[in-house]
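Next up is a structure, given as structure tokens.
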Amino acid sequence: MPEKFKRYTLTSALPYANGPIHIGHLAGVYVPADIYARYLRMKGEDVLFIGGSDEHGVPITIKARAEGVSPQVIVDRYHEQIKKSFEDFGISFDVYARTSAPVHHKTASDFFLKLYGENKFIEKTNQQYYDEKEHQFLADRYITGTCPHCGYEKAYGDQCENCGTSLSPLELINPKSALSGNVPVLKETKHWYLPLDQYEEWLEEWIIKGHKNDWKANVYGQVKSWIDHGLKPRAVTRDLNWGVQVPLKDAEGKVLYVWFDAPIGYISAAKEWSEKTGKDWKPYWKDEETKLIHFIGKDNIVFHCIIFPAMLKAEGSFVLPDNVPANEFLNLENDKISTSRNWAVWLHEYLNDFPGKQDVLRYVLTANAPETKDNDFTWKDFQARNNNELLAIFGNFVNRTLVLTQKYFDGVVPAVTELDKEAKTTLEEVKLFPGKIAQSLDRYRFREALSELMNLARLGNKYLTDMEPWRVIKTDEDKVKTILNVSLQIAANLAVLSEPFLPFTATKLQKMLGMEQPTWTDAGNTELIKPGSILNKPELLFDRIEDKEVEAQVQRLLDTKKENELAISSKLAKEEITFDEFMKTDIRTGTILEAKKVPKTKKLLKLKIDTGIDQRTVVSGIAEYYEPEKIIGQKVCILVNLAPRKLRGIESQGMILMAEDADGKLCFVSPTEDVSDGSEVK
RNA sequence: GGCGAGGUAGCUCAGUCGGUUAGAGCGUCGGAUUCAUAACCCGGAGGUCCCGAGUUCAAUUCUCGGUCUCGCUACCA
């Protein structure tokens, strides 16, 4: 199975430049990718490890508008912050590029042009809202209007924030442009589509048959599911003024869709790297003997396994990914990580709060990596892994060895006097570790690889404890020489093998042992440290993390939680209305007569309501909270003069009033006393 | 609703191409020890392998059904 490759191109998902990096990004993508890159480099492989900021797309333009600045200001801010925090954290990118760079614009538009020239796209024209004053088509988010469901007047074209409904701009009543406030007009617009359906057969062959056994189950399963469902053409352009201009004459105001331009960013990054280093980028993308690997999170599987490969295939001259080891998600203290809710451990804050402890976080995120299922990061676990594993096992072994060597031999490495049975078997065992760790890493099993590394430290601890040099020294100094030599060789092996996982620690340890730039072939060598060489003063590799420190972090999160709750309950009241406006609504008390689940939906119940005036059908999205049988007879409030609307083919005549709490849980608003149906609510 | 992934010791996870007492780390309890950052080393306790049915001489492992978690997707007050 392990074919021989001449070089490796490793890509890591381009972080979106509208927020900082958090531990979820690190655990899912950057830490495993970095371990892999460092491992390959140590083996002497030719590696190009690519990263960069994804700087296009609508969310960035929205954030810019909200802050009253240009999109460039936003992406500059986050690009710099992200880049610096990666550097400080020791992610060893060969290049960290950005998609707003000229080289990327050129690469992406050339890519587009090539496919265009070879008729690899299909053209379609459809109707979209256009702001005549601003002379541009409007992204869904830039259109506001009245929600057809709840009547909220400031619903967006893609979603109503009042009732949570996803919308299409065409559904909005009284649409307005968020740019000018004008009424937008519908206008025809032309776009280009990549006909993914034409690649189905090829994908089937390449992935379903070709990668059945070497791709992770979560990746393979999802890809197969998509292909089995059948693929549809996907628009590669859109009307927007932030992004890579579509390089055609009749395409003013159009840019490449961000999903199309972003992965090309990997290629542009290689070119940027090429310009800086003078090396040719082409072999890294076009030579058959290059192994291309995409490190991503599970949200990106479809793009990297289906869409981007289809693009590359269409273009024709690029290699395809050999593997896409996507990880699942990391939770934080039992709750989903969320940028908007500020529920995250931010990398730049961590680096600030725990200076010099990059490896601790790298260790914890690797040991607890969401490789096969979602995992949870807790500060308590972070502390325990540092104190009970890194420090107690790894750090302690190194420290014992070095302290003993100082104490008994003034820091001069003793020679083996006689290779006794214990020394021999221990050293034999040491030799097995590079192979074990490599085998795990080759299969992208980073957790397993790391635990093997720790087993080497365990072996060292056991050897020391069993041999009791502190006792033997009283009677047999020669034997202690052998014991400490063996222990030092183990420490040296740790200094080599830990490099991919704990680069800062490895460097520190190498210095203490007087080693220089070891390579992977040094691993397993049990004569790495020469007798007679002088060791540098030992210092502690890891510090104990005290309760106070993690409690402070937990407190910060609790504060965040409180702020979030406050933010919801103190959500600003809607725009003021007059009494007359309110009186337009006709709300009545009513009773549920019948309730049935609407088939093939998760949330919808079809209700029959006695409104006092009449009996009518209402479709209501409450199925997640109420079982149909149990709500028959329930008194409710109902908005009876809401325009009817068809949902799932059923006409809904009115709306049931529900109260919704911070978690989205719904409950009926119902009269506390038995009033007759049809009583007015005012 | 459709699809995918997952549900194994207190916690985080391995594993079983079906087969004697289901594994590891951490935690916990006990012992030993003092070179070491109350760390190391040895040992013990701890599991209806989500639930139910089926196939089988035998199922945690295969099949079917159910359930819970996460994701994608549809639908949506």
Side-chain angles (χ1 to χ4, degrees), chain A residues 147 149-150 159-160 162-167 216-226 228-229 297-299 301-302 326 328-329 331 336 364 367-378 380-381 384-393 395-408 445 447-448 450-451 454-455 457-458 460-473 480 483-484 487 538 540-545 597-605 607 618-625 639 642 645 647-649 652 654-658 660 664 666:
Chain A
C147 172
H149 307 294
C150 70
Q159 190 181 33
C160 170
N162 185 52
C163 64
T165 305
S166 331
L167 300 169
K216 290 173 70 167
N218 56 344
V219 175
Y220 184 85
Q222 189 168 142
V223 170
K224 186 169 188 309
S225 159
W226 266 67
D228 289 349
H229 272 86
K298 68 172 160 184
D299 51 332
I301 290 173
V302 172
E328 303 281 305
F329 285 160
N331 293 323
K336 271 184 225 182
V364 174
N368 196 21
E371 280 176 15
T372 49
K373 63 179 178 190
D374 289 0
N375 254 339
D376 196 27
F377 176 97
T378 66
K380 201 180 153 213
D381 182 62
R385 291 211 184 256
N386 179 76
N387 293 355
N388 305 334
E389 296 180 28
L390 260 188
L391 186 153
I393 297 165
N396 188 35
F397 166 67
V398 169
N399 190 234
R400 306 168 78 181
T401 302
L402 295 180
V403 167
L404 287 168
T405 311
Q406 287 299 337
K407 201 179 247 180
Y408 300 147
R445 294 174 169 229
R447 255 187 342 220
E448 188 179 86
L450 182 63
S451 100
M454 293 305 283
N455 282 340
R458 287 190 179 95
N461 274 319
K462 182 167 169 49
Y463 177 71
L464 268 188
T465 304
D466 287 351
M467 301 312 288
E468 303 180 296
W470 48 90
R471 175 174 293 185
V472 178
I473 191 71
V480 174
I483 296 169
L484 286 182
S487 300
L540 297 176
L541 291 176
F542 307 103
D543 307 310
R544 176 159 293 277
I545 290 174
K597 189 119 193 260
V598 179
K600 296 188 178 179
T601 65
K602 204 192 298 189
K603 298 182 178 177
L604 295 187
L605 290 186
L607 306 174
V618 172
V619 178
S620 184
I622 57 174
E624 287 181 305
Y625 300 99
L639 178 61
L642 180 69
R645 181 187 151 78
L647 301 172
R648 273 276 159 174
S652 180
M655 189 172 103
I656 307 290
L657 267 49
M658 306 296 296
E660 182 181 27
L666 299 175

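First the proteins, then the strands, lettered A, B, ... as listed; each starts at 1.
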Distance in angstrom units between Asp381(A) CG and rC11(B) C1', rounded: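 Interatomic distance, CG of Asp381(A) to C1' of rC11(B): 8 Å.
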Nucleotide of rG71(B), rU12(B), rG7(B) approaching Asn368(A) most closely (side-chain heavy atoms):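 Nearest listed nucleotide: rU12(B).
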Whole-Å distance separating the CE atom of Met454(A) from the C1' atom of rC26(B):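 It is 11 Å, rounded to the nearest whole Å.
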side-chain N/O Thr372(A) vs rA14(B) OP1/OP2, d < 4.0 Å: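 Answer yes for this pair, as a side-chain N or O of Thr372(A) is under 4.0 Å from OP1 or OP2.
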Letter per nucleotide, 5' to 3', of nucleotides 62-68 of chain B [B base touched, S only sugar-phosphate touched, - untouched; heavy atoms, 4.0 Å]: -------
Pairwise distance CD(Glu328(A)) to NZ(Lys298(A)) - rounded to 0.5 angstrom: 4.0 Å
Distance (rounded to the nearest 0.5 Å) between Asn368(A) CG and Phe377(A) CZ: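 The distance works out to 8.5 Å.
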Annotated protein contacts, base or backbone, on nucleotides 35-40 of chain B with a non-hydrogen cut-off under 4.0 Å, one of B, S, - each: BBB-SB
Partner nucleotide of rG30(B) by Watson-Crick or wobble geometry (both distances under 3.5 Å):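 Pairing partner, where one exists within any strand: rC42(B).
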Whole-angstrom distance between rG4(B) and rG10(B), as gauged at atom P: 31 Å
Pairwise C1' distance for rC17(B) and rC72(B), with rounding to whole Å: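 My reading of the C1' atoms in rC17(B) and rC72(B) gives 30 Å.
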Atom of Asp381(A), atom of Val364(A) and distance for their closest heavy-atom approach: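 Heavy-atom minimum between the residues: OD2-CG1, 4.3 Å.
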Atom-to-atom span, CG of Asn386(A) to C1' of rC26(B) - whole angstrom: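 That distance rounds to 13 Å.
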Between rU73(B) (C1') and Lys224(A) (NZ): distance, integer Å: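 Checked: the NZ to C1' distance equals 17 Å.
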Sugar-phosphate only, base, or nothing, as touched by Lys216(A) at under 4.0 Å among non-hydrogen atoms: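 No contact.
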Side chain of Glu328(A) - closest among rC72(B), rA5(B), rG7(B): rA5(B)
Closest heavy-atom pair and its distance - Ala326(A), Ile301(A): CB-CG1, 3.8 Å
Atom-to-atom span, CG of Leu639(A) to C1' of rA77(B) - whole angstrom: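 The answer, rounded to whole Å, is 12 Å.
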Given rC26(B), rG4(B), rC41(B), the nucleotide with the shortest approach to the side chain of Asp466(A):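 Nearest to the side-chain atoms of Asp466(A), counting from C-beta on, is rC41(B).
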Nearest-angstrom distance, P atom, rG2(B) to rG47(B):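 Those two atoms are separated by 37 Å.
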Partner nucleotide, any strand, of rG23(B) [Watson-Crick/G-U, under 3.5 Å]: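 In the structure as shown, rG23(B) has rC13(B) as its Watson-Crick or wobble partner.
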Interatomic distance, Leu540(A) atom CG to Leu391(A) atom CG [nearest 0.5 angstrom]: 7.5 Å
For the student: nearest non-hydrogen atoms of Val618(A) and Gly654(A), plus distance: CG1-O, 3.5 Å
Upstream residue (5' side of RNA chain B) when Ala457(A) and Gly221(A) are each assigned their closest nucleotide: Gly221(A)
Residue matched to rG4(B) through Watson-Crick or wobble contacts both under 3.5 angstrom: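 WC or wobble partner is rC70(B).
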rC57(B) and rG18(B), which share atom name P, separated by this distance in whole Å: 16 Å
Asp376(A) CG to rG10(B) C1', straight-line distance once rounded to whole Å: 15 Å
Pairwise C1' distance, rA5(B) and rC42(B) [rounded to whole Å]: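 40 Å, rounded to whole Å.
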Closest nucleotide among rU73(B), rC3(B), rC70(B) to the Trp226(A) side chain: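 Nearest to the side chain of Trp226(A) among the choices is rU73(B).
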Partner nucleotide, any strand, of rC62(B) [Watson-Crick/G-U, under 3.5 Å]: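 Answer to the pairing question: rG54(B), which forms a Watson-Crick or G-U pair with rC62(B).
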Which atom of Met467(A) lies closest to which atom of Ile483(A), heavy atoms considered: CB-CD1, 3.7 Å
Side chain Lys216(A), main chain Glu371(A), donor-acceptor under 3.5 Å: yes
Asn455(A) CG to Ile393(A) CD1 distance, which is reported to the nearest 0.5 Å: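 Interatomic distance, Asn455(A) CG to Ile393(A) CD1, rounded to 0.5 Å: 9.0 Å.
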Interatomic distance, Leu404(A) atom CG to Leu484(A) atom CG [nearest 0.5 angstrom]: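 Here the interatomic distance stands at 5.5 Å.
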N or O in side chain of Lys373(A) less than 4.0 angstrom from rA14(B) OP1/OP2: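 Indeed not, no polar side-chain atom of Lys373(A) lies that close.
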Of the listed nucleotides rC3(B), rA77(B), rU8(B), the one nearest the side chain of Ser620(A):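 Side chain of Ser620(A) sits closest to rA77(B).
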Same-atom distance (P) from rG44(B) to rG25(B), integer angstrom: 12 Å
P-based separation of rA32(B) from rU37(B) [nearest Å]: 23 Å
Arg471(A) side chain, from C-beta outward: closest of rU34(B), rC72(B), rU8(B):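 The listed nucleotide nearest to Arg471(A)'s side chain is rU34(B).
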Nucleotide opposite rU48(B) in a Watson-Crick or G-U pair, distances under 3.5 Å: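 Partner of rU48(B): none found under 3.5 Å.
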Pairwise C1' distance, rA38(B) and rA24(B) [rounded to whole Å]: 25 Å
Nucleotide rG71(B), atom P - distance to NZ of Lys298(A) in whole Å: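 That distance rounds to 6 Å.
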Polar side chain donor-acceptor pair, Asn461(A) to Arg458(A), under 3.5 angstrom: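 There is no such pair (donor and acceptor under 3.5 Å, judged by atom type) between the side chains of Asn461(A) and Arg458(A).
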Heavy-atom side-chain proximity of Thr465(A) to Arg400(A) below 4.5 angstrom: yes
Of Asp374(A) and Arg385(A), the one whose closest RNA chain B nucleotide lies more 5': Arg385(A)
Rounded distance in Å - CG (Asn455(A)) to C1' (rC26(B)): 13 Å
